[in-house]
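Taking it in order: structure first as structure tokens, then the write-up.
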Amino acid sequence: MRLTQDLAATGSFWACDVMNDVVCNGKDKWAQYWQWGCDEPESFFRQYGWQAQAIQPGEEGACFDRHTFQFAPREEKEEMHIFFVTAFKSK
């Protein structure tokens, strides 16, 4: 997957939602809409020159009291995870 490493200038910002592999490979009907998943978004973006931060719905600073579902801790890789990612192009 190419993340505009050649198209984005240093100092650019990026924001996206990232699902983990458990979501993408799930049996839920809406899983068919996701083609790719990642368990470690910060590491993934770093390899393309982006400094990323990821939080899950339900974590402080993620939902502003609008999302009540609490996801499992990130260390539990076999659980469903959704990440809100913001990134800064550092190189």
Side-chain angles (χ1 to χ4, degrees):
M1 173 177 260
R2 206 172 156 132
L3 290 176
T4 67
Q5 73 248 29
D6 298 329
L7 301 175
T10 299
S12 296
F13 287 91
W14 175 286
C16 61
D17 297 340
V18 174
M19 309 302 167
N20 72 341
D21 288 330
V22 172
V23 173
C24 294
N25 297 323
K27 298 188 188 307
D28 294 327
K29 183 178 180 179
W30 60 274
Q32 67 183 331
Y33 299 108
W34 301 100
Q35 297 179 10
W36 174 84
C38 178
D39 291 318
E40 300 288 339
E42 295 91 346
S43 297
F44 176 79
F45 281 83
R46 189 177 311 113
Q47 68 183 328
Y48 294 98
W50 294 86
Q51 295 175 352
Q53 294 180 322
I55 56 177
Q56 293 189 100
E59 292 180 356
E60 187 171 334
C63 299
F64 307 100
D65 297 324
R66 293 179 290 187
H67 196 307
T68 57
F69 182 79
Q70 185 67 44
F71 285 85
R74 290 178 73 169
E75 297 79 35
E76 296 181 25
K77 302 290 186 199
E78 299 301 317
E79 296 293 326
M80 180 174 74
H81 296 285
I82 297 173
F83 304 104
F84 300 141
V85 180
T86 56
F88 174 76
K89 180 73 169 174
S90 57
K91 51 182 169 173

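Follow the hydrophobic side-chain contacts under 4.5 Å out from Phe44 and you reach Trp50 in the same cluster.
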Enumerate, atom names and distances included, each donor-acceptor pair closer than 3.5 Å involving a side-chain atom of residues 72-80, sequence neighbours excluded.
{"residue": "Arg74", "atom": "NH1", "partner": "Glu42", "partner atom": "OE2", "Å": "2.9"}
{"residue": "Arg74", "atom": "NH2", "partner": "Glu42", "partner atom": "OE1", "Å": "2.7"}
{"residue": "Lys77", "atom": "NZ", "partner": "Glu40", "partner atom": "OE2", "Å": "2.3"}

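Between Asp39 atom CG and Phe83 atom CZ the span is 6.5 Å, to the nearest 0.5 Å. Put simply, CH2 on Trp36 and CG on Asn20 are 10.5 Å apart, with the number rounded to the nearest 0.5 Å. Taking CH2 from Trp34 and CE from Met19, the interatomic distance works out to 3.5 Å, rounded to the nearest 0.5 Å.
Scanning for side chain to side chain contact (heavy atoms under 4.5 Å, CB included) contacts around Thr86 gives Ala15, Gln53, with sequence neighbours left out. Applying the ring-ring contact (aromatic ring centres under 6.0 Å, His included) criterion to Tyr33, with sequence neighbours excluded, gives no partner residue. Looking at residues two or more places apart in sequence or on another chain, you find a side chain to side chain contact (heavy atoms under 4.5 Å, CB included) between Cys16 and Trp14, Val18, Phe45, Val85.
Within the structure, salt bridge (charged side-chain N to carboxylate O under 4.0 Å, His left out) contacts touching residues 7-27 (residues at least two apart or in different chains) do not occur.
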